[in-house]
Amino acid sequence: MAAMTHDHQPPGSRHAHHDPGLAELLDLDAEVLGSYLDEVTAWAEQHAPQGPRTIVDVGAGTGTGSLALGRRFPAAEIVAVDRSASMLARVRAAAAEHGTAERLRVVLADLDAAWPSIGTVDVAWAASSLHEVADPDRVLRDLHAALNPGGLLVVVEMDELPRFLPDDVGRGRPGLERRCHEALARAGWNAHPDWRTHLERAGFEVTAQRSFTVAAASAPPSAARYAHAYLSRIRAALDGRLATDDLETLDAVLAPDSPDGLLHRGDLTVRGSRTAWAARRR
Ligand SMILES: C[S@@+](CC[C@H](N)C(=O)[O-])C[C@H]1O[C@@H](n2cnc3c(N)ncnc32)[C@H](O)[C@@H]1O
């Protein structure tokens, strides 16, 4: 998810560390699409060394990955690394709420500056964060060095921006959301490479790659809030990038008091897909 100005960031865009809206969005994302997290950690477990003792969550955000890893590996210490103190405060609060605070270590560090001294780890997890750092190849080398031999790195990225709207929203031209996403892709949102060659270059053996699809056909109530938060965020980046009639339709869909607006419609779905790479330190 490319360098943009501070006001126009997608979740996962660079320089998002003073961005309270992002925290809310990450939590809503986990609430609505979070079922995939337990699937990914189950898959990760198949590739992880037995009984990992230390797991690092790189660019932990609000800690949805840290919590899922804590559930999957109940004996492991989880080290949540992020450059945002407010994100880490949320990770700490979430761990306290879930009774795992004593197994959590939070580390405030800007990975663009240097890899933090956290000791060696058995598993590393980087979800929607690797594409954000300035020099991912250097961070991958640092991760490789931080892992114990046989250790596992899991990289997760969104394949596409989450989709909520029907093709025809009942006003304007069909295909609004697709055109929004095309405009954002042209602006570099959510851009990330296939990490396989980068992982191999850093010395990893890529043992598996899998795509995880999430689809909630009858969207839960929190989906409307997620859709509203998400589409409001992308709306801010679309001025000058989307045709005027589409912008008007999007504004109408976002208007809180509009009868066919997002918060009142029953035809929302939530669809998303992520790719995960499992890479082993030999
Ligand atoms: C899109 S969020 C993903 C959060 C979480 N991993 C998830 O999947 O919900 C990216 C996170 O990476 C962090 N981040 C970005 N660049 C970073 C850097 N250079 N050093 C440390 N953290 C960074 C951001 O602060 C943000 O919390």
Side-chain angles (χ1 to χ4, degrees), residues 1-4 6 8-41 44 55-70 72 78-95 104 106-118 123-140 142-143 146 153-162 184 188-192 195 212 214 226 229-230 233-234 272-277:
M1 288 182 267
M4 321 197 67
H6 284 219
H8 293 166
Q9 288 159 350
S13 66
R14 222 163 256 180
H15 309 308
H17 50 309
H18 299 301
D19 186 348
L22 175 62
E24 194 206 347
L25 213 50
L26 291 174
D27 281 348
L28 279 166
D29 177 72
E31 196 177 324
V32 177
L33 294 179
S35 59
Y36 92 94
L37 272 172
D38 289 325
E39 270 185 71
V40 187
T41 60
I55 298 178
V56 61
D57 183 3
V58 181
T62 55
T64 56
S66 296
L67 288 182
L69 291 161
R72 179 66 56 195
I78 311 294
V79 185
V81 176
D82 207 287
R83 68 178 170 189
S84 158
S86 62
M87 290 289 187
L88 290 176
R90 291 177 84 120
V91 186
R92 218 188 257 119
L104 175 78
V106 299
V107 175
L108 182 64
D110 184 350
L111 297 169
D112 292 342
W115 181 255
S117 42
I118 56 170
V123 173
W125 170 274
S128 299
S129 55
L130 193 56
H131 69 261
E132 292 204 6
V133 299
D135 185 354
D137 290 318
R138 196 219 82 221
V139 172
L140 285 175
D142 289 342
L143 273 162
L153 165 64
V154 176
V155 176
V156 184
E157 295 281 9
M158 271 191 189
D159 298 325
E160 54 185 23
L161 302 178
L184 293 171
W189 275 46
N190 198 37
H192 62 80
W195 288 116
F212 294 83
V214 218
Y226 180 38
Y230 200 92
R233 191 176 182 83
I234 71 176
S273 128
R274 260 96 163 163
T275 293
W277 293 260

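Counting starts at 1 for both ligands and their atoms, following the listed order. Numbers for residues simply follow the sequence, beginning at 1.
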Given side-chain contact (heavy atoms from CB on, under 4.5 Å), test D137 with D135 step by step and report yes or no. CA-CA 6 Å; D137 290 318; D135 185 354; 3.8 Å; yes
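- In the displayed structure, R138 atom CZ is contacted under 6.0 Å by more than 12 heavy atoms of other residues, nucleotides or ligands.
- Contact analysis leaves G65 out of contact with ligand 1, as no non-hydrogen atom separation drops below 4.0 angstrom.
- Of the possible polar contacts, none joining the D57 side chain to the I78 backbone as a donor-acceptor pair under 3.5 Å is found.
- The residue from A23, A126, P136, G59 that puts a heavy atom closest to atom 11 (C) of ligand 1 is G59.
- At a threshold of 4.0 Å, the pair R274-D29 counts as salt-bridged, since one of the basic side-chain nitrogens sits closer than that to a carboxylate oxygen.
- For the pair A127 and ligand 1, the shortest N or O to N or O distance falls below 3.5 Å.
- Each of L26, T62, D82, T64 was evaluated against R90; a single residue qualifies, T62, per the side-chain contact (heavy atoms from CB on, under 4.5 Å) test.
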Going through the checks in order, is the side-chain contact (heavy atoms from CB on, under 4.5 Å) test met by N190 and L184? CA-CA 8 Å; N190 198 37; L184 293 171; over 6 Å; no
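- Near D112, with a cut-off below 4.0 Å to any heavy atom, the atoms of ligand 1 are 19 (N).
- Remark: ligand 1 atoms within the under-4.0 Å shell around heavy atoms of G61 are 4 (C), 27 (O).
- Among D82, L37, D27, the residue whose heavy atom lies nearest to atom 24 (C) of ligand 1 is D82.
- Below 4.0 Å from some heavy atom of A60 lie the following atoms of ligand 1, by number and element: 4 (C), 5 (C), 6 (N).
- Formation of a donor-acceptor pair under 3.5 Å by the H192 side chain with backbone atoms of M158 is found in this model.
- Proximity to D110 (heavy-atom distance under 4.0 Å) selects the following atoms of ligand 1: 18 (C), 19 (N), 20 (N).
- Of all the heavy atoms of L26, the ones lying under 4.0 Å from any atom of ligand 1 belong exclusively to the side chain.
- The part of A109 lying near ligand 1 is the backbone, judged by heavy-atom distances below 4.0 Å.
- Where the criterion is an N or O separation shorter than 3.5 Å, residue side chain and backbone included, L111 meets it with respect to ligand 1.
- Once rounded to the nearest 0.5 Å, the distance linking CD of E160 with OG1 of T275 reads 9.5 Å.
- With a 4.5 Å cut-off on side-chain heavy atoms, R83 and L111 do not count as touching.
- When heavy-atom distances to ligand 1 are checked against a 4.0 Å cut-off, T64 comes that close only through its side chain, counted from C-beta outward.
- Residue A30 does not touch ligand 1, judged by heavy-atom distances below 4.0 Å.
- The heavy atom nearest to atom 23 (C) of ligand 1, out of those in R274, R83, E157, is found in R83.
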